[in-house]
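Data block below; observations after.
The structure presented is a predicted model; accordingly, all values stated were derived computationally and were not measured. Note that ligands are numbered from 1 as they come in the structure, with each ligand's atoms numbered from 1 the same way.
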Amino acid sequence: MKNIDSTSHVTGKSIYLDDIPILQGTLYGAVLDSPIGHGEVVAIDYSEALAMDGVAYILTHEDIPGENQIGGIIPDEELFAEKEVHFQGQPIALILAESEHIAFEARKLVKMKFTEKEVITDPREARAKGRLIIPPRTFSLGNTAAAWAQCAHIFEGTAQTNGQEHLYIETQGAYAVPMENGHIRLSSSTQGPTQVQRTAARVLGVGMHRIEVDVVRLGGGFGGKEDQATPWGVMAALGAFVLNQPIKVVLHRLDDMRMTGKRHPYSSDYKIGLSEELKIIAYEATFHQNAGASADLSPAVMERTLFHATNSYFVPNVEVTAYSCKTNLPPNTAFRGFGGPQGMFVIEAALAHAARELGVEKCILQKKNLLKNGDSFPYGQIADGVGLSQIWEDLEAKFDLKAVEARVQEFNAQHEDRKKGFSLMPVTFGISFTKTPMNQARALVHIYSDGSVGVSTGAVEMGQGVNTKMLQIAAQMFSLNPSRVKLESTNTTRVANTSPSAASATSDLNGKALQKACQALQERLKNCAARHWGVTSADISLKEERIWVKGKATDMSWDQLVDMAFLARIALTENGHYATPIIHFDKTIEKGHPFAYHVFGLALTEVTLDCIRGTYEFDSVKIVHDFGKSMNTAVDTGQIEGGLVQGIGWMTMEELSYDQAGKLRSNSLSTYKIPDIYAVPGEILIEAFETEGTEMAILKSKAVGEPPLMYGMGAFFAIESALRAFNPDFESTYDAPFTPEKVLMGLYQSSQP
Ligand code: MTE
Ligand code: HPA
Ligand code: MOS
């Protein structure tokens with residue numbers, strides 16, 4: 001089945017926040033933000049802005065009836081800064097005017113005075129000064145201290161990954177409408193409707209029941225709207241509450257880039273020890289996460305870095321420690337992979353370093369150390385359903401790895417000013433929110449008396465195709481034509497207490513809740529039919545909108561059965577609840593079984609370097625991916641292609657840059673480059689790894705949202721391999737992204753320091 005939104009997307013008819021019809025009396029908001037990285041507010045003069053024609057009001061912390069607090073995990077973030085500002089771009093006030101233009105013009109008239117304080121942008125400096133979001137955490141297995149003595153080879157170094165701008169096409173925004181009795185109806189471009197509802201209630205000082213959050217779809221989230229859609233939603237709700245007028249807040253692209261957090265940059269240290277046979281004996285790493293000025297989701301992101309620190313390898317002795325470092329940057333947040341990629345990059349760098357020193361191909365080290373069934377992850381979960389070695393062999397066979405190696409060697413022998421390189425990038429990614437209680441979901445199903453069906457779940461459609469998958473489930477459960485099923489907007493009054501659509505787990509959690517609701521309705525209808533035909537419900541089946549008895553089609557249609565059930569006063573509405581079984585995690589010992597299952601895969605990346613200019617093109621990326629049994633290959637293939645290209649962007653051209661004062665320099669699309677059609681690999685081939693799938697995944701179709709991003713990390717190591725073909729003295733500092741500028745420096749770097 002093709003994506004149910006495809007026609008309305010390409011004809012421009014899909015509805016996003018900005019397409020919601022505007023009510024009379026709506027005011028538009030422009031967010032006033034801190035122009036400095038750290039300091040105390042001395043005075044803010046709004047008088048000129050307020051005097052401007054068309055300006056209605058300026059909302060500040062003084063207007064907040066409840067708490068001036070929006071922190072999700074830790075209450076350390078104000079909605080509007082009161083006395084102190086902690087990053088450039090921190091919201092101070094919301095200017096409300098009759099038009100967006102007036103609001104933005106009025107913003108220029110506000111005069112602000114601060115006493116400036118020390119600005120820290122570097123996570124290691126923050127750690128040295130004791131500025132941590134939470135105490136450090138360590139995951140360990142075996143005993144690294146004792147293991148170093150057994151190692152034939154030990155390598156140490158550092159690795160850095162930079163942040164990444166989400167660059168969802170639809171910027172952050174919300175539209176709040178006051179209803180009667182102080183209730184607010186809030187449309188928000190958020191991955192977490194409940195988080196927006198809960199926070200708005202807290203700031204307004206009212207119960208959650210007074211705030212209704214509705215989401216039709218997002219023009220992309222990528223994690224950037226898991227927590228950071230909240231402030232704009234809350235500001236709009238606050239304005240509607242205070243002024244009793246509809247309030248619309250949509251961030252201008254440049255405001256969005258400046259004010260919102262991004263993927264966390266990390267600066268890390270590693271030490272890896274190998275045996276004579278090139279088995280990894282021990283691995284230590286210290287991760288410095290640049291959290292920004294408040295916690296946001298940083299503690300959870302940091303945790304996933306530790307979970308994925310050994311990527312797809314078995315290491316018997318591991319000690320990995322992570323620090324969440326508080327700096328004066330916008331609070332960094334969820335981004336596809338959620339800290340996992342940052343952890344994986346460091347062990348991939350360590351292996352590349354070891355391979356270089358040992359004079360072997362990196363893929364030989366990788367292949368020798370792949371995780372197997374029965375191996376323990378450092379966090380105690382025992383690996384099962386692992387197909388890494390088989391995936392590796394599949395890739396070697398399907399994409400003829402030997403021929404690729406030969407082709408690259410031959411090309412390099414023949415060309416002076418162009419060099420080819422390749423890399424292999426295995427991925428092992430855990431599926432489930434790492435915080436166990438978040439792994440629950442609900443779905444509400446109505447069968448209307450004419451036989452058509454309405455489905456509400458907690459899932460937010462952000463382009464990943466979850467609504468298509470939900471519709472498939474309902475249609476399949478009732479054996480209905482998909483056109484008889486409608487996916488409703490995501491709404492907190494229909495489905496409450498939702499987890500954000502995140503962690504790649506949205507289809508699993510909401511799909512299984514939906515299955516349960518449909519199952520209960522199906523049973524009820526079958527019982528009704530069984531009574532009618534004088535058989536047992538086991539004799540009844542639903543097929544092609546018709547009722548079958550003992551395997552034979554009857555003349556009773558689905559619509560007739562529904563009508564009969566309605567007249568018999570049988571409930572045609574059901575709520576399903578699902579909570580992932582098995583999973584648990586004990587933070588006091590950092591052990592448990594946090595993931596329902598893992599997703600595995602392997603990417604082969606080939607690149608051609610222009611050794612005069614430092615530029616490069618990716619010839620191909622060939623992937624063997626573990627879909628389980630994909631329930632929608634079009635949607636899932638799209639997720640792999642998109643994730644891959646987003647990962648390549650992070651590793652190559654997306655260069656986030658802040659100056660020492662905490663000012664974002666890469667603050668527009670002319671200074672921050674993301675992959676375009678020319679940057680996409682010449683060829684992307686995706687092969688399914690044939691498995692049985694797992695019952696923990698919806699219809700055995702494994703989660704696919706985040707894992708493919710990590711295939712993009714192969715780009716970095718492919719470039720390194722091509723670069724070394726030109727300059728064998730090149731020693732990488734493992735500092736991603738590998739921009740053409742860095743490549744050029746590397747091409748002509750000499751071995752002398
Ligand atoms: N795909 C599109 N088109 N747009 C998005 O915003 N977000 C990604 C991924 N794929 C995203 C996307 C992220 S960060 C996650 S966690 C998952 O989708 C969330 O959806 P899922 O749980 O249904 O996979
Ligand atoms: N992934 C994504 N989002 C999350 C997680 C996670 O593991 N935990 C909390 N929010
Ligand atoms: Mo995705 S980073 O879990 O929204």
Numbered atoms of ligand 1 (with element) below 4.0 Å of G220, judged on heavy atoms:
6 (O)
Under 4.0 Å between a Lys/Arg side-chain N and an Asp/Glu carboxylate O for D19 and K13?
no
When I133 is tested against each of P331, C325, P299, S294 for side-chain contact (heavy atoms from CB on, under 4.5 Å), which residue passes?
P299
min-distance protein heavy atom vs atom 8 (C) of ligand 1 -> R336 NE, 3.8 Å
Considering non-hydrogen atoms of the protein only, which is the closest contact for atom 5 (C) of ligand 2, and what is the distance?
F338 CE2, 3.3 Å
Quick one: nearest non-hydrogen protein atom to atom 6 (O) of ligand 1, plus distance?
G221 N, 2.7 Å
Quick one: does G337 get an N or O within less than 3.5 Å of an N or O on ligand 3?
no
Ring centres under 6.0 Å, that's the criterion: do F429 and F595 meet it?
no
Any chance the rings of F377 and Y313 have centres within less than 6.0 Å?
no
Within a distance under 4.0 Å of any heavy atom of G223, pick out the atoms of ligand 1 and give their elements.
14 (S)
Can K673 and E654 be counted as an ion pair, charged N to O under 4.0 angstrom?
no
Enumerated ligand 1 atoms positioned under 4.0 Å from heavy atoms of G463:
2 (C), 3 (N)
Whether the side chain of N439 engages the backbone of T436 through a donor-acceptor N/O pair (distance < 3.5 Å, no angle test) should be reported.
yes
Within 45° of the axis and under 6.0 Å from the centre of the six-membered ring of F585, does NZ or CZ of K591 qualify?
no
Nitrogen or oxygen of A505 less than 3.5 angstrom from that of ligand 1:
yes
So is there a nitrogen or oxygen of T434 less than 3.5 Å from a nitrogen or oxygen in ligand 2?
yes
Return the residue, atom name and 0.1 Å-rounded distance of the protein heavy atom closest to atom 1 (Mo) of ligand 3.
E706 OE2, 3.7 Å
Per-residue contact class, E303 against ligand 2 - non-hydrogen pairs under 4.0 Å:
neither
Atoms in ligand 2 flagged as close to E226, the criterion being non-hydrogen separation under 4.0 Å
2 (C), 3 (N), 4 (C), 10 (N)
Please list the nearest protein heavy atom to atom 9 (C) of ligand 2 with its residue and the distance rounded to 0.1 Å.
M438 SD, 3.6 Å
Looking only at N/O atoms, are K435 and ligand 2 under 3.5 Å apart anywhere?
no
Check R442, K486, R494, E488 against S456 for a side chain to side chain donor-acceptor pair (under 3.5 Å) and give me the one that passes.
R494
Looking at R336 and E706, is there a salt bridge between them, counting it only when a charged N and a carboxylate O are closer than 4.0 Å?
no
Heavy-atom distances under 4.0 Å decide this one: backbone, side chain, both or neither, for A459 against ligand 1?
neither
Which option wins on minimum heavy-atom distance to atom 5 (C) of ligand 1: Y168, F338, F222?
F222
More than 12 heavy atoms of other groups within 6.0 Å of I74 CD1
yes
For atom 1 (N) of ligand 1, the closest protein heavy atom turns out to be Q639 NE2, 3.1 Å
Nitrogen or oxygen of S501 less than 3.5 angstrom from that of ligand 1:
no
heavy-atom search around atom 2 (S) of ligand 3 in the protein gives R336 N, 3.1 Å
Residue G223 vicinity, atoms of ligand 3 by number, heavy atom under 4.0 Å:
2 (S), 4 (O)
Are the side chains of M302 and S324 in contact, using a 4.5 Å heavy-atom criterion?
yes
Enumerated ligand 3 atoms positioned under 4.0 Å from heavy atoms of E226
3 (O), 4 (O)
Side chain, backbone, both or neither: which part of A503 has a heavy atom under 4.0 Å from ligand 1?
backbone
On a heavy-atom basis, I'd like to know which of Q464, H166, E706 is closest to atom 20 (O) of ligand 1.
Q464
Can you confirm whether or not the ring centre of F222 sits under 6.0 Å from the ring centre of H166?
no
Heavy-atom proximity to atom 2 (C) of ligand 1, best of M462, K469, K225, E226
M462
Of all the non-hydrogen atoms in the protein, which one sits nearest to atom 17 (C) of ligand 1, and at what distance?
G705 CA, 4.1 Å
Looking at atom 21 (P) of ligand 1, what's its closest protein heavy atom, distance included?
T506 OG1, 3.4 Å
Looking at Q191, which atoms of ligand 3 are within less than 4.0 Å of one of its heavy atoms?
4 (O)
Hey, are R253 and D256 close enough for a salt bridge, meaning a charged N less than 4.0 Å from a carboxylate O?
no
Side chain proximity check, T305 to F307, heavy atoms < 4.5 angstrom:
no
Looking at F345 versus Y266, is the centre-to-centre ring distance below 6.0 Å?
no
Considering only the protein, which heavy-atom contact is closest to atom 3 (O) of ligand 3, and what is its distance?
A503 N, 2.7 Å
In ligand 3, which numbered atoms sit nearer than 4.0 Å to a non-hydrogen atom of F335?
2 (S)
Check: L167 main-chain N/O paired with E165 side-chain donor or acceptor under 3.5 Å:
yes
Judged by atom type as modelled, is there a donor-acceptor pair below 3.5 Å linking the side chain of Q639 to the main-chain atoms of P708?
no
